[in-house]
Amino acid sequence: MSKEISRDIEKILIDESEIEQRCKELAAQIEKDYEKEGKTPLVVGLLKGSVPFMAELIKYFKQPIEIDFISVSSYEGTESIGDVKINKDLDLSSKNKNVLIVEDIVDTGRTLREVKKLFYNKGAADVKIVSLLDKPDRRVVDIAADYIGFTVPNEFVVGYGLDYNQLYRNLPFIGILRPEVYTD
């Protein structure tokens, strides 16, 4: 049985063209900052949510970059449980590298805090964070992204990499999921 997943969306918050434009702006700012410091970043996407954002972002870099991925988990259903587990580590070494973590959303901040600590423990020279979305109302730890695409309200958002139970990542926009989809 097939169903169109966009029917589960209550409202589109950020459309595809807004995301594309913001990625161009973020890439220009990030590249300028790394160039000024004479650094080549190791751009690390947090799987799976960062993939659409990272793909859009890195195509606007004009300078060389290295890319890799790490997979961590901390969510069950709609809640971050705070217990960060590494499912797939980097293939490249981050020792003495300038790591740019690419994340889909900064929510509670627990996952990013642990991943950032992990890179410093592995000997990274510097660790910065770029996130497509920031949801400051949900923050429970003191961490902030260095670069933010959009600030969103405390709503359950999906699309452009963000999921609910592994669904909706393929939507080309950020939308608010209808509450009846995820409530009992």
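Across all non-hydrogen atoms, the minimal contact from L100 to P41 is CB-CB, 4.4 Å. Counting all heavy atoms, side chain and backbone alike, G161 lies closest to R169 at O-NH1, 2.8 Å. Minimum heavy-atom separation, R178 to I9: NH2-O, 3.5 Å. For V51 against F69, the heavy-atom pair with the smallest separation is CG2-CE2, 4.4 Å. For the residue pair N87 and V72, the shortest heavy atom distance occurs at ND2-C, 3.7 Å. The shortest heavy-atom contact between Y168 and V158 is CB-CB, 3.7 Å.
Here CG of L57 is found 10.5 Å from CZ of R22. Values are rounded to the nearest 0.5 Å. The CG atom of D163 sits 11.0 Å away from atom CG of L171, with the distance rounded to the nearest 0.5 Å. Between L177 atom CG and T183 atom OG1 the span is 9.5 Å, to the nearest 0.5 Å. Rounding to the nearest 0.5 angstrom, the gap separating the OH atom in Y160 from the CG atom in L132 is 7.5 Å. We find the CZ-CD1 distance between F61 and I30 to be 4.5 Å, quoted to the nearest 0.5 Å. Rounded to the nearest 0.5 angstrom, S71 OG and L90 CG are separated by 11.0 Å.
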**OP:** Show the numbers, then the answer: is there a side chain to side chain contact (heavy atoms under 4.5 Å, CB included) between V106 and R139?
**Re:** CA-CA 8 Å; V106 183; R139 198 84 75 249; 3.3 Å; yes

**OP:** Just do the side chain to side chain donor-acceptor pair (under 3.5 Å) check on Q21 and E25 with the steps written out, would you?
**Re:** CA-CA 6 Å; Q21 180 57 41; E25 295 164 1; 3.2 Å; yes

**OP:** Dump the intermediate steps for side chain to side chain contact (heavy atoms under 4.5 Å, CB included) on V130 and F53, then the final yes or no.
**Re:** CA-CA 10 Å; V130 58; F53 173 49; 3.8 Å; yes

**OP:** Please step through side chain to side chain contact (heavy atoms under 4.5 Å, CB included) for the pair D104 and K48, ending with a clear verdict.
**Re:** CA-CA 9 Å; D104 54 1; K48 301 174 188 171; over 6 Å; no

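The local environment of NZ in K11 is sparse, with at most 12 non-hydrogen atoms from other residues, nucleotides or ligands closer than 6.0 Å. The number of heavy-atom neighbours closer than 6.0 Å to CD of E16, taken from other residues, nucleotides and ligands shown, is 12 or below. Residue K32 places its NZ atom among 12 or fewer non-hydrogen atoms of other residues, nucleotides or ligands, all under 6.0 Å distant.
Between the side chain of E31 and the backbone N or O of K62, at least one donor-acceptor pair lies under 3.5 Å. Side chain of K135 to backbone of I105: no donor-acceptor contact under 3.5 angstrom is found.
With contacts defined as side-chain heavy-atom distances shorter than 4.5 Å, the pair Y182/N165 does not qualify. The closest side-chain heavy-atom distance from K59 to C23 is not below 4.5 Å.
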Only distances under 3.5 Å count here; give the side-chain donor-acceptor pairs of residues 143-156 to other protein atoms, sequence neighbours excluded, each with its distance to 0.1 Å.
from	atom 1	to	atom 2	distance (Å)
D146	OD2	I129	N	2.7
Y147	OH	D33	OD2	2.7

Taking distance alone, no hydrogens or angles, what donor-acceptor pairs closer than 3.5 Å link side-chain atoms of residues 115-126 to residues at least two apart or in another chain?
from	atom 1	to	atom 2	distance (Å)
K117	NZ	E114	OE2	3.4
Y120	OH	V127	N	3.2
N121	ND2	K117	O	3.4
K122	NZ	D89	OD1	3.3
K122	NZ	D89	OD2	2.8
D126	OD2	K128	NZ	3.0

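No single ILVMFWY cluster, assembled from side-chain heavy atoms under 4.5 Å apart, contains both Y60 and V43.
Checking N98 against Y34 by side-chain atom types alone, no donor-acceptor pair falls below 3.5 Å.
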